[in-house]
Amino acid sequence: MKSKSQLDWFYTLPNLLKNDSGDLNIKWQTTNRAKANIIRISQQQNTKNEAIIARIVYENLSAAVQGDVTVENWTAFLSRHSEKAAKKIQEKLIASGTLSSQELVNSFEELILISFTFASQPILFLANFKCQEVSDYIWYKILH
């Protein structure tokens with residue numbers, strides 16, 4: 001795990017914008033309710049350890065309903081990882097040299113939109129994710 005905490009990944013949601021040239025830009029915006037939830041959990045547990053906080057937020061997800069702050073925390077987290085995954089795929093497409101620059105832009109935008117759609121449904125997205133029998137650190141690495 002990186003030494004710098006990425007707790008903000010649990011409370012920043014994407015705002016998709018098109019720039020003047022028509023390219024997609026992602027501006028990450030803090031949601032106060034989701035941030036307050038992470039801060040509360042961090043203070044209750046007396047930790048800033050991502051794995052421990054993620055496990056607690058994950059356990060809370062089973063009781064969550066759409067619109068719940070826990071759903072918002074996971075939507076933010078999964079959106080950040082979706083962007084990261086889309087960028088890795090884009091790098092592989094660039095390295096393959098099989099697509100034009102416009103096709104690369106279009107492919108990246110499609111990947112982002114598809115992945116954000118799935119990220120917005122964290123209960124469905126994480127429905128089959130099971131790692132209860134392992135340590136928080138290993139569980140969190142598997143989640144990543």
Inset, instruction - Using a strict cut-off of less than 4.0 Å between a Lys/Arg side-chain nitrogen and an Asp/Glu carboxylate oxygen, indicate whether Lys87 and Glu91 qualify as a salt bridge. - result: no

Legend entry - Co-membership, hydrophobic cluster, residues Leu78 and Leu16, 4.5 Å side-chain: no

Inset, instruction - Compute whether any side-chain donor of one residue and acceptor of the other, for Thr12 and Gln29, lie under 3.5 angstrom apart. - result: no

Inset, instruction - Enter the distance from Arg55:CZ to Ser135:OG here, rounded to the nearest 0.5 Å. - result: 7.5 Å

Legend entry - Min side-chain heavy-atom separation Leu17-Leu24 under 4.5 Å: no

Inset, instruction - For residues Ile56 and Gln45, report the shortest heavy-atom separation together with the two atoms involved. - result: CD1-CG, 3.2 Å

Inset, instruction - For the residue pair Gln90 and Leu111, establish whether any side-chain heavy-atom pair is separated by less than 4.5 Å. - result: no

Inset, instruction - Indicate if Ile41 and Leu126 have the same hydrophobic cluster label, given that clusters are the connected sets of ILVMFWY residues with side-chain heavy-atom separations under 4.5 angstrom. - result: yes

Legend entry - Heavy-atom closest pair, residues Leu61 and Pro122: CD2-O, 4.0 Å

Inset, instruction - Please work out whether the ring planes of Phe77 and Tyr140 are parallel, tilted or perpendicular, with thresholds of 30° and 60°. - result: tilted

Legend entry - Side-chain heavy-atom pair Glu103, Thr98 within 4.5 angstrom cut-off: no

Inset, instruction - Could you tell me the separation between the CG atom of Leu13 and the OG1 atom of Thr75, rounded to the nearest 0.5 Å? - result: 6.5 Å

Inset, instruction - Answer yes or no: is there a side-chain heavy-atom contact under 4.5 Å between Arg40 and Gln44? - result: yes

Legend entry - Side-chain donor or acceptor of Asn15 paired with backbone N/O of Lys27 under 3.5 Å: no

Legend entry - Between NZ on residue Lys48 and CG on residue Leu7, distance to nearest 0.5 Å: 7.0 Å

Legend entry - Within the 6.0 Å centroid threshold, strictly below: Trp74 and Phe125: no

Inset, instruction - Answer yes or no: are there more than 12 heavy-atom neighbours, outside Asn25 itself, under 6.0 Å from its atom CG? - result: yes

Inset, instruction - Check Thr117 against Leu113 and note the closest heavy-atom contact, atom names and distance. - result: OG1-O, 2.8 Å

Legend entry - Test item: Thr30 side-chain N/O and Asn32 main-chain N/O as donor-acceptor pair under 3.5 Å: no

Legend entry - Inter-residue atom distance Phe10.CZ - Ile53.CD1, 0.5 Å rounding: 8.0 Å

Inset, instruction - Output, in order, the C-alpha distance, side-chain angles, deciding distance and verdict of side-chain contact (heavy atoms from CB on, under 4.5 Å) for Trp9 and Trp28. - result: CA-CA 9 Å; Trp9 283 29; Trp28 294 95; over 6 Å; no

Legend entry - CZ on Phe108 to CD1 on Ile89, rounded to 0.5 Å: 10.0 Å

Inset, instruction - Determine, for Lys18 against Glu109, whether the closest basic-nitrogen to carboxylate-oxygen distance falls under 4.0 angstrom. - result: yes

Inset, instruction - Give the minimum heavy-atom separation between Arg33 and Glu72, together with the two atoms involved. - result: NH2-OE1, 3.2 Å

Inset, instruction - Establish whether Ile52 and Leu143 are linked, either directly or via other cluster members, by ILVMFWY side-chain heavy-atom contacts under 4.5 Å. - result: yes

Legend entry - Side-chain heavy atoms of Ser82 within contact of Phe118, under 4.5 Å: no

Inset, instruction - Give a yes or no answer on whether the side chain of Ser42 reaches the backbone of Ile39 with a donor-acceptor pair at less than 3.5 Å. - result: no

Legend entry - Candidate list Ile38, Asn60, Asn37, Val57, test side-chain contact (heavy atoms from CB on, under 4.5 Å), partner Val69, passing option: Asn37

Legend entry - Stepwise side-chain contact (heavy atoms from CB on, under 4.5 Å) check, Lys88 with Lys92: CA-CA 6 Å; Lys88 283 184 181 180; Lys92 291 186 185 296; 5.5 Å; no

